[in-house]
Amino acid sequence: MSDIDPEELQGHRSHLIRYAMLQLRDPNLAEDVVQETLVAAIESRAKFAAQSSPRTWLVGILKHKIIDLLRKRAREPQLNVAEGEDENELVDALFKENGHWADPPQTWNAPEQSLENAHFWNVFEQCNQRMPLNTARAFMMREFMEMSTDEICQELGISTTNCWVILHRARLALRECLDMNWFGNAR
Amino acid sequence: MIDCKHNTELLSQSYDRPITLRERIAMRMHLMMCRGCRNFEKQLTFLRKAARELPRKL
């Protein structure tokens with residue numbers, strides 16, 4: 001029976017906090033879920049010791065904790081996804097009245113290389129934070145936590161159509177932000 | 001013929017639900033003629049890849 005080295009666990013902590021913050025954007029909530037995750041890890045320390053990649057395993061636990069939390073909060077009335085997040089402004093700015101691009105997307109130069117650049121990920125995180133909370137949340141549930149659209153609708157208590165609309169807006173917004181702040185197509 | 005705005009909606013939805021044959025044909029027709037939407041399509045693929053790689057990059 002091996003014990004977890006508390007220092008090793010602490011080493012993963014900041015990574016887990018960043019992960020949780022992307023999804024929750026609330027330092028207190030992020031702190032709570034990470035704490036729960038570390039406690040769960042300690043409780044099943046035998047499993048922890050057997051992991052070839054402890055971080056991946058910890059992130060797996062954290063994902064479940066975040067989903068549980070979002071599920072709880074979705075039942076509470078204050079989390080209302082559609083409300084107050086009218087992003088039609090963005091869509092209106094991107095397209096002309098006849099439905100054509102106001103400014104057609106230009107080619108991105110060597111996007112694959114960006115994935116290896118630490119600064120790119122900072123920009124990506126910042127762009128994510130600029131999105132309205134629930135738009136970003138739906139997008140991250142879909143792309144980052146790889147939940148199905150049905151699951152997301154259920155968790156957020158919104159209709160499927162609404163879910164597609166929100167995800168589409170998130171992609172438009174993120175694309176636009178990366179285009180301007182990373183791929184250098186500022187206009 | 002669908003416009004760019006509608007086409008981007010369909011492209012985005014093709015990442016979230018199975019799309020119909022009719023929709024697929026409409027998208028392909030549009031993409032053949034629209035460079036902006038072709039760039040958009042590639043960038044959507046990149047966004048998904050990036051978001052899914054994020055947990056390893058933090």
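Quick note on labels: first sequence line is chain A, next is B, and so on, each numbered from 1.
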Side chain to side chain contact (heavy atoms under 4.5 Å, CB included) between A:Trp108 and B:Gln43, intermediate numbers included: CA-CA 8 Å; A:Trp108 282 354; B:Gln43 290 159 7; 3.4 Å; yes
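- Your options are B:Gly36, B:Cys4, B:Cys37, and the one with the most heavy-atom pairs under 4.5 Å with chain A is B:Cys4.
- Between B:Asn39 atom CG and A:Arg175 atom CZ the span is 8.5 Å, to the nearest 0.5 Å.
- Separation of atoms CG (A:Leu178) and CG (B:Leu47) is listed at 6.0 Å; rounding is to 0.5 Å.
- Contact of B:Lys49 with chain A is made through the side chain alone, with heavy-atom distances under 4.5 Å.
- Residues B:Ile25 and B:Met32 share a single hydrophobic cluster, defined by chaining ILVMFWY side chains whose heavy atoms lie under 4.5 Å apart.
- Atom CZ of residue A:Phe95 and atom CG of residue B:Asp3 lie 8.0 Å apart, to the nearest 0.5 angstrom.
- For chain B, the nearby part of A:Asn98 is the backbone; its heavy atoms alone come within less than 4.5 Å.
- In terms of heavy-atom pairs under 4.5 angstrom with chain B, the leader among A:Arg55, A:His15, A:His100 is A:His15.
- Side-chain contact between B:Arg17 and A:Thr149: absent, with no pair of heavy atoms (C-beta onward) separated by less than 4.5 Å.
- Using the six-membered ring where Trp is involved, B:Phe46 and A:Phe183 have ring planes that are perpendicular, over 60° apart on the 30 and 60° scheme.
- Between the CZ atom in B:Arg38 and the OG1 atom in A:Thr107 there is a gap of 9.5 Å [rounded to 0.5 Å].
- Side-chain heavy atoms closer than 4.5 Å link hydrophobic residues (I, L, V, M, F, W, Y) into clusters, and following such links, possibly through other members, connects A:Leu90 to A:Ile166.
- Here A:Glu146 contributes atom CD and B:Arg48 contributes atom CZ; the two are 8.0 Å apart, rounded to the nearest 0.5 Å.
- With a 4.5 Å cut-off on side-chain heavy atoms, B:Leu54 and A:Met140 count as touching.
- Hydrophobic clustering (side-chain heavy atoms under 4.5 Å, transitive across Ile, Leu, Val, Met, Phe, Trp, Tyr) keeps A:Leu174 apart from A:Trp164.
- Among A:Ser148, A:Ser14, A:Gly99, the residue with the largest count of heavy-atom pairs under 4.5 Å with chain B is A:Gly99.
- Counting only heavy atoms from C-beta outward, the side chains of B:Phe40 and A:Leu172 approach each other to under 4.5 Å.
- Contact between A:Phe124 and B:Ala50 at its shortest, heavy atoms only, is CE1-CB, 3.8 Å.
- Grouping the Ile, Leu, Val, Met, Phe, Trp and Tyr side chains by contacts below 4.5 angstrom, directly or via other members, places A:Leu38 with A:Ile17.
- Using a 4.5 Å cut-off between heavy atoms, A:Ile152 does not touch chain B at all.
- In this structure, the portion of A:Glu125 lying under 4.5 Å from any heavy atom of chain B is its side chain and not its backbone.
- Side-chain contact between A:Trp121 and B:Glu53 is present, with at least one heavy-atom pair separated by less than 4.5 Å.
- Considering CD of B:Glu9 and CG of A:Leu167, their distance stands at 13.0 Å, rounded to 0.5 Å.
- Residues B:Met29 and B:Ile19 do not share a hydrophobic cluster, clusters being chains of Ile/Leu/Val/Met/Phe/Trp/Tyr side chains in contact below 4.5 Å.
- Looking at heavy atoms from C-beta onward, A:Arg171 lies in side-chain contact with B:Leu44 at the 4.5 angstrom threshold.
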